[in-house]
Amino acid sequence: MNNERRSNGVDFHCHLDLYPDFEAAVQRAEQARIYTLAVTTTPMAWPRNRDLTSDTRYVRAALGIHPQLVAERPGELALWETYLGEARFVGEVGLDAGPRFYKSLHLQKMVFRRVLECCSSAGGKILTVHSVRSVSAVLDLIEECLPADRGKVVLHWFTGTRSEARRAASLGCYFSINAQMTQSESACKVIPELPIDRLLTETDGPFTSTRGKPTEPADVGDAVNALAQLRETPIQTVEENVRRNLRALLAN
Ligand code: MN
């Protein structure tokens, strides 16, 4: 048997609590030894996410308030704030200016601003951020409210332009890439130009699918393969970079 330690994948954005059996989904990520960030869409989900990941080796939970839910649940910001002291990871948070959610954009901005201000004053938080059709507005708020030395941001499912990507990188942002986003022609032009030291992988399961089933953390190798192909880099190099980037993100 080969003694070399098998490499561990990284799934930095997965909704484990939205699978039919949350607890089993956590266990599968543990067994697959994938470093997984279990994001939440509402602070109501925090206690169970916190408890189910309190002694896991690979899975961590993030405290979220999803921009798509802000209009229906404006009162939850106060609850989000009460839990922030317990959470190192924050997400899913951000903005969504797509056609279904555009009408709540003003409210979303107020909530996201408050989220960033709270993270800035707490310090040391790591955020996974949604930015559908709103990359500039998201970056404006990050620039204004969360200095790089007060918190770190990972842009999840980034769909911005090359110049927005450069601006995000200059603000210190990371990018988490999933296999499905590499099917977009415009993403395929931007992804090869993202700085190699800011790349992470994700699944965004169960909102993506793999071979006809909801994607799981154990499937994150497909994102690694897609990145390797797009960047014309060996798979092993991508794996090593992603692990190194995760360590850098988690340092201090
Ligand atoms: Mn998501």
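Atoms within each ligand, like the ligands themselves, are counted from 1 in listed order.
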Worksheet item: Which is it for Asp140 and Lys109 under the salt bridge (Lys or Arg N to Asp or Glu O under 4.0 Å) test, yes or no, and what are the steps along the way?
Response: CA-CA 11 Å; Asp140 287 347; Lys109 283 181 178 172; over 6 Å; no

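The atom of Glu92 that is an N, O or S and sits closest to the Mn ion (ligand 1) is OE1.
One of the N, O or S atoms belonging to His15 lies under 2.8 Å away from the Mn ion (ligand 1).
The NE2 atom of His13 and the OD1 atom of Asp204 subtend an angle of 90° at the Mn ion (ligand 1), given to the nearest 10 degrees.
No side-chain donor-acceptor contact under 3.5 Å links His13 and Ser176. Thr203 and Glu216 form no side-chain donor-acceptor contact under 3.5 Å, judged by distance and modelled atom types alone.
Both Val115 and Leu139 are part of a single hydrophobic cluster, where members link through side-chain heavy atoms under 4.5 Å apart.
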